[in-house]
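Notes follow the structure.
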Amino acid sequence: MIDRYTHPAWRVGVSAFLLASAMVAMAPILWIVGLALRTGADVYSRAVIPGTFRPENFSDAWGQFGLARLFLNSIVVTGLSVAVVVTLSVLAAYGFARLRFRGSEVLFLLILLGLMIPPAAVIIPLFVEIRTMGLYDTHVGLSLVYVAFGLPLSILILRSFFAGIPRELLEAARIDGASERWILLGVVVPLAKAPIATVAILTFLFCWNDYFLALVLLRDAGTYTLPVGIAQFIGQYSTPHELVAAAVLMAAVPVFILYLVLHRQFERGVAEGAVKQ
Amino acid sequence: MARRTHGSTTRRRSAFVMGTVLVGTLAVTPAANAQDPIELEMWSWNNEGAYPLVHEDAIVRFEADHPGVTVKRGQSNCGDACGVIYLSFTDYLTRFRAAIAADEPPCIAQIPWAGEFRDFVNSGELIPLTQAITTGFPAFFEPIVDAVSIGGEVWAIPLDVNTLQIAYNKTRFDELGLEVPQTQGELQAAVDALGEQGLFGIAMGTRDRWSAGDLFFAQVAYTDGTNSKLAQADAGEVGWDDPAFAAAADNVAAMVASGIFAPGANSMDAFVGNLDLFASGAAGMMYPVGNFVTAGVADKVGDAFEWSLFPFPKPDGSTLDNRATGGIAEMFVVTADCAHQEEAIEFLRYLVDDGGGAALVANDFIPSWDFPVPADKSELYNNMVTAQATANSRVIYTTQVYAELLNAMQGVMDGQPGSTVIEAMVSAGAQ
Amino acid sequence: MAAASPRPSVTASIASPRRSVTPGRLGLAFVLPSVIIFCLFLMVPVFAVAGIAFLEWAGFRIGDWTFVGLAKFQKAAADPVFWRSFTHTILFTVATTVLLNITGFLYALLIASRVRGSGLVKSVLFLPVLLSPVIVALMWTRILDAFGAVNQLISLVSPTARPTLFLGDPDLALTSVIVATVWQFTGYNMLLYYAGLQNLPRDQLEAASIDGAGARASIRHVVVPGLYPVIGTAILLNVIGGLRVFDLVYVMTRGGPNRSTEVLATYMYEQAFKFSDMGYASAIALVIVALSVGAAVLRIRWGSRLHE
């Protein structure tokens, strides 16, 4: 698009620069992979390339940290939260974008306020509330909090997408006699696959990676999610760094897979949703 | 000292009403409840080293003697080292506080020996153990009992004690013809001799902060010959700007300026970077080392060289004997919301009875009461037991002051003057 | 569960004879479940925080508190550590926002040129966004320490150099945390800008190149103005993220050494969970929220000015 980009030497230069950047971006991750494959004695060696190779760290971490249980808990909490956020935010965003009512703008601004609230800022009253409702140390309680934190950005993204759908498309469906429910499910949702994928991924990331809320709102080891469960093995005087590294890498696998599967949708979703105002 | 709060009175009242209703309708007596199986929950953060073995040992003996009472396990596939429930050290108090606020605290909890202990006592969340400790518990060392006493009551059961000393590379010291330093002047000379070989003096990791505080306490052991100023300052009887404290902070600042410590202390964890420096031979000494980490040092050093421990030497001109600093390592409290306080206390007895003492010693821990040392224990272990006998306290109970001491000591490690420490403590003490 | 409870009313209103429900009513029904959960688990706690900021409360028992008026705000105003945390938060926010927008825009432009490998690079640069900040912090702690990867590289160039103590040096620690943040989130900004570039009207770009405008001129006169909405969104997201930064600082430095990386969120956490001063912690939390809301208001104003 810009003419100098077409110059071959320029293109080679850009290519080289981009690849170098990609290597810088990957280096820390690769370094962690290296750490996860070292023996315990080799963890603090100064060599960049590990002198030892111990893939058993992965099976050891899986067994010792009880990762199967942690994975199950994380999947339950994250799955529940993502499903609820997607459902509710599609409804709400459609309502805000297409079925305006008195006060809907004010409500929307109120929900946007949620973007500004860091979890750490409200943890104390949130904890009291969750406990009063009898939801302390339950996955449902944690999920409800994740949903509350996940809704604002999701509604923002979906609402701007829904607002951009041509009016004629919806009118045509209405004239054909479709109910609003059918318009939403049959017309709007299929159009919104990409922004919905974006919302799902962003919510997934938030829930899957959260440490702080789960730390305070869960009590028993049997309910821990992955980040909290793995952190229990960081000791006061010593930490099995190679096992922790192996565990965090395994914990990140579902995220990478999800991104690999959905990344085209996700990138399009960012383009169609987050960017339009 | 302990005051129950408004909220808990209400809860008690409603519990009473509920209880009356239950008794009235179901005719259930408390005695009948006692026959139900009881599960005790105990929290600790020391999931590392040999502590789980010690805990496990007590659980097995306790459960054998008390059918119907079990101690909850945190892990399943851990063989004979399952122990109790372990939570990560960094966020332990956050979780403990949350569990207390939810009225679901564990019956028994490990608690830090510093200021938070007093905060929890003052909040009324723990029960006094003064009565309990008179039956079935050993005679704990007197300074240790003092350390767990607040307002005339005992609030925690101390399990073991530790000492903080300097580890030194004996092989290297012998090569250079260096003796164990008896004064800070001799320490300086040793560091200079190491420096000529391109080696660092004392490796320290103060990223975790607490180790920087211990450097300060090591000086207070000499600048306050009475070993009581810290307690007096906590009680508001002397100021945090007491000359003993000022001299201690200045001492550390002077040592930093004269290159006693390996550079970069603030960028190293207490036993990661500095242990690496020491074990690789790049630094001739390392601080602070006690029985909580000797196994790690031995592992890492291996056969590379011989090493041993000596107390942080006194300032030149001090007439006092050299002494280590130390205090309680693990200590446990019983919570006010615990439904089975009697059983909880009974379990604590098993942690510190003869069997418990034997388990501690077998794993190189030092019991917090007088316990015979078997003849086969190592020279290092005997060294630590000896040092423990004369060790000085290292506790500040005023949470803010302790926190600001640690922050300011990081500054001193980075070249700030000792006066910054005093200013920080005074200002925190005023809050 | 959460989704199920409000559902009957929604289905009922849809199932009833067509057009008998006004679109506005239906809209309200659609919005309501979200609003309820949001208010219950976010707005109620926010208002509670606003209330707790006026209390002396150790946080153990509800009701065990005393009203102290503005005392906690006065405490903040007189507390040098609060002001240091405040300054660090602003520094961190401004630095990460500026850097992330420069790197994000630069990489978006370069990738939009569709040179060989740009698709792959786009995905790789995004990978760090997927990681938990806790993991990122642990990674960078090891990478930046005296024997870490960066010092290994430095020693390759100058073997005699003493290791640079990034996280142990009060002058470098905050910068190091900023670098780690930029590393993690460049990919996100890049994607935003890339999406914005794809949405630019092609005819304008072509018109500019037919006019013979050089690359620099067309970036300045066509690309940047076309990206104003994206720039606004990106800056707002970065600013909000910066003001509330917690995990990364908490794990990498714990606010140290000697409070040189203390930010508002970590200081708040310390007050709440170490010093049991829930009132003071809530006052600090309110400052964070107020700063974020202020940023959002500025953004909305700026946005409406552009549309005029």
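Keep in mind the model is a prediction, meaning the values are calculated, not measured. A note on names: the letters A, B, ... follow the listed sequences, proteins ahead of strands, and every chain is numbered from 1.
Contact tally against chain C (heavy-atom pairs below 4.5 Å) for B:Thr90, B:Leu93, B:Ile100, B:Asp119: the top residue is B:Thr90. When each of B:Met413, B:Gln410, B:Gln416, B:Met268 is scored by its heavy-atom pairs under 4.5 Å with chain C, the top score falls to B:Gln410.
Heavy-atom distances place the side chain of C:Lys75, and not its backbone, under 4.5 Å from chain B. Only the backbone of C:Thr253 comes within contact range of chain B, with at least one heavy atom under 4.5 Å from a heavy atom of that chain. Contact of C:Ala173 with chain B is not made at all, since no heavy-atom distance falls under 4.5 Å. Interface residue C:Tyr269: only side-chain heavy atoms are found under 4.5 Å from chain B. Contacts of B:Gln400 with chain C are made by both backbone and side-chain atoms, with heavy-atom separations under 4.5 Å.
Scanning all heavy atoms of the two residues, the minimum distance from B:Leu194 to B:Gly201 falls at CD1-CA, 4.3 Å. The shortest heavy-atom contact between C:Phe82 and C:Ala76 is CD2-O, 3.4 Å.
Listed for the B:Thr335 side chain is a donor-acceptor partner under 3.5 Å among the backbone atoms of B:Pro106.
The aromatic ring centroids of C:Tyr280 and C:Phe275 lie 6.0 Å or more from each other. Under the 6.0 Å cut-off for aromatic ring centres, B:Phe200 and B:Phe261 do not qualify, their centroids lying 6.0 Å or more apart.
For the pair B:Arg95 and B:Tyr92, the cation does not sit on the ring face, since its NZ or CZ is not both under 6.0 Å from the ring centre and inside 45° of the axis.
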